[in-house]
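Residue numbers start from 1 in every chain, and the chains themselves are labelled A, B, ... in the order their sequence lines are given, proteins ahead of strands. Computed from heavy atoms alone, side chains included, the values below leave out hydrogens, waters and symmetry copies.
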Number of protein chains: 2
Amino acid sequence: MHPSPSTCQQCAQRFNSVFCKAREEHVEVINDKKVCNIYKKGQQLFNEGANPFGVFCINDGKVKLSHQGDDGKEHIIRLLKAGDVLGYRALLSGDRYSASAVALEETQVCFIPKDVFIKVLQHDAGMAFEMMKVLSDELHRSEIKLTHLAQKPIRERLAETLLFIKETYGFEADGITLAVKLSREEIANLVGTATESTIRLLSEFKKDGMIELEGKKIQILKPKQLLATANLQD
Amino acid sequence: MHPSPSTCQQCAQRFNSVFCKAREEHVEVINDKKVCNIYKKGQQLFNEGANPFGVFCINDGKVKLSHQGDDGKEHIIRLLKAGDVLGYRALLSGDRYSASAVALEETQVCFIPKDVFIKVLQHDAGMAFEMMKVLSDELHRSEIKLTHLAQKPIRERLAETLLFIKETYGFEADGITLAVKLSREEIANLVGTATESTIRLLSEFKKDGMIELEGKKIQILKPKQLLATANLQD
DNA sequence: TTTGAAATATGACCTTTGTCATTTTTTGAT
DNA sequence: ATCAAAAAATGACAAAGGTCATATTTCAAA
């Protein structure tokens, strides 16, 4: 875990986030009103159904964002890392949270109160534009995922998910081990399938030599073959 | 088809769209630069892969927005009606179009050039905020759909889709006939399933007395029972 | 009206995926 | 290090849904 920055101005994520284009004066306002916090693995940042009071800005760590299906089954809709902001969707739509956010490991988060965030958005065209970009990108990702979920078999979606995890969190120092520990169930909830199917297919991928499994550690041995398995055109 | 308005200021959709909060002066600029057009049923407004040169604003009519799956199979991601704007996603992300837009019937559309739209967004906080709201709502819808696609059986998703079509386009004057004609294949591509499955389930719904089928005409006889079949919690 | 192509409908069948049961392994707490 | 609980792995089976073949209907053009 990196040391917590004392101010937003010094924050390592500043130019790596939606605030990258925010004017200096606005960053100051945000810095004055922010509240930082550390969440342990498994702790909730917010819960589906609750009223949003602001947005969260990840300084270090990893967070999953998930919906509760009608039958209580989790569906993970996003994986977040340092520099990512979350909780804006409900805030901007004026809704309650439609998803829950849970730390996947010890995570440093700054909380920015609703009125501060909104006011800055309304007075800083650069940041407002950046926010629209974030929303557009998220929407794009979500729509692509919709099409794949509707049209691709689980095998392809699992391969795609493993590559997505790699894109999001990267590797450990060894260059092949995924830098996040997810349970098989969580991977299944990311793919949109049953846990057993995920386990079975991971075993197959291992048998095919594409990956190595060691507890929750997953190593990507043959990224190209995995990419071919994912059968991506985009 | 309603008469085409001569100006944006007089447009029936003005306060029913993302421009509802735009300042008068900006509406004037848009009005000066807009180009209106009529698309016949089946005509394309834009095509996946093309570069966006602006946004489209529907004045009257109906449009479907769809992705091309890797195997060429269509997946409909949105249904649009008067007052809706489309083409903004690619524009804001700085991408090419990731979806194609096709008129479902004769449709009046105004085209607003990229630089005009962007400039207004940058100078009009009210409209920028409204745009973020539209994006957030779209994102929300998309994420809910993801969870349902991952977790719900086709029967429930088809019932949900029929209700969604009703919400979007409403009924004919008789109060029970869906005010849009979609092929079985299009409904399937909206649900995310095979055409045959959709046909089979529509027949079942008819047998159960929930709907009536007459060519492409679909009548909703028992909306409550359909809602129960959709099994929605949200 | 006729007619031919496209859309719809339906049956048979097969593949994929989910569910349940059981065993094995891992993990974390003592 | 030991142990209990949770997670992972695996097999057997069932169910859902897709595919293919074919019949029927609809609809628009001649």
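When the nucleotides C/dA9, D/dG18, C/dG18 are ranked by their closest atom to the side chain of B/R184, C/dA9 comes out on top. Picking from C/dA9, C/dT17, D/dC20 the nucleotide with the shortest atom distance to the side chain of A/I154 gives C/dT17. Side-chain proximity of B/R200 to the nucleotides D/dA9, C/dA12, C/dT8 is greatest for C/dA12. Listed nucleotides D/dA9, C/dT17, C/dA9 differ in distance to B/L213; the shortest reach to its side chain belongs to C/dA9. For B/T193, counting side-chain heavy atoms from C-beta on, the closest listed nucleotide (D/dA8, C/dT10, D/dG17) is D/dG17.
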Going through the checks in order, is the side-chain contact (heavy atoms from CB on, under 4.5 Å) test met by A/L104 and A/L79?
CA-CA 9 Å; A/L104 291 171; A/L79 292 178; 4.1 Å; yes

Stepwise, does the salt bridge (Lys or Arg N to Asp or Glu O under 4.0 Å) test hold for B/K41 with B/E106?
CA-CA 5 Å; B/K41 178 176 174 169; B/E106 186 160 306; over 6 Å; no

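A distance of 9.5 Å separates OG in B/S93 from CG in A/L135, rounded to the nearest 0.5 Å. Taken from CD in A/E143 to CZ in B/R78, the straight-line distance is 4.5 Å, to the nearest 0.5 Å. Separation of atoms CD1 (A/I76) and NE2 (A/H67) is listed at 12.0 Å; rounding is to 0.5 Å.
The nearest heavy atom of DNA chain C to A/R155 and to B/L202 marks one nucleotide each, and the one closer to the 5' end goes with B/L202.
To the nearest angstrom, C1' of D/dA15 lies 19 Å from NZ of B/K152. Spacing between atom NZ of B/K207 and atom P of C/dT8 amounts to 18 Å, rounded to whole angstrom units. At whole-Å resolution of the value, CD in B/E156 and C1' in D/dA16 are 13 Å apart. Across the protein-nucleic acid pair, A/L158 atom CG and C/dT16 atom C1' stand 15 Å apart, rounded to whole Å. Taking atom CG on A/L149 and atom P on C/dT17, their separation rounds to 12 Å, with Å as the unit. For A/L201 and D/dT10, the CG to P distance is 12 Å, given to the nearest whole Å. As rounded to whole Å, 14 Å separates atom P of D/dA16 from atom CZ of B/R157. C/dT8 atom P lies 15 Å from atom NZ of B/K217, rounded to whole Å.
Between B/F46 and B/F56, the ring-plane angle classifies as tilted under the 30° and 60° cut-offs.
Between A/K207 and A/E204, none of the side-chain N atoms (NZ, or NE/NH1/NH2) sits under 4.0 Å from a carboxylate O, so this pair counts as no salt bridge. The pair B/D95-B/R89 meets the salt-bridge criterion, since a charged nitrogen lies less than 4.0 angstrom from a carboxylate oxygen.
In summary, of the residues considered (A/K216, A/K64, A/K62, A/K181), a salt bridge (charged side-chain N to carboxylate O under 4.0 Å, His left out) with A/E186 occurs for A/K64 alone.
Rounded to 10°, the angle separating the first-five-pair axis and the last-five-pair axis of the helix from C/dT1-D/dA30 to C/dT30-D/dA1 equals 50°.
Residue B/T195 is out of contact with every strand shown, counting any heavy-atom pair closer than 4.0 Å.
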Base, backbone or nothing for each nucleotide of nucleotides 21-30 of chain D, written B, S, -, heavy atoms under 4.0 angstrom, 5' to 3'?
----------

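Applying the side chain to side chain donor-acceptor pair (under 3.5 Å) test to pairs two or more places apart or on separate chains, those with a residue in residues 187-201 of chain A are A/K73-A/N189, A/E74-A/N189.
Residue B/S197 places none of its side-chain N or O atoms closer than 4.0 Å to OP1 or OP2 of D/dA16.
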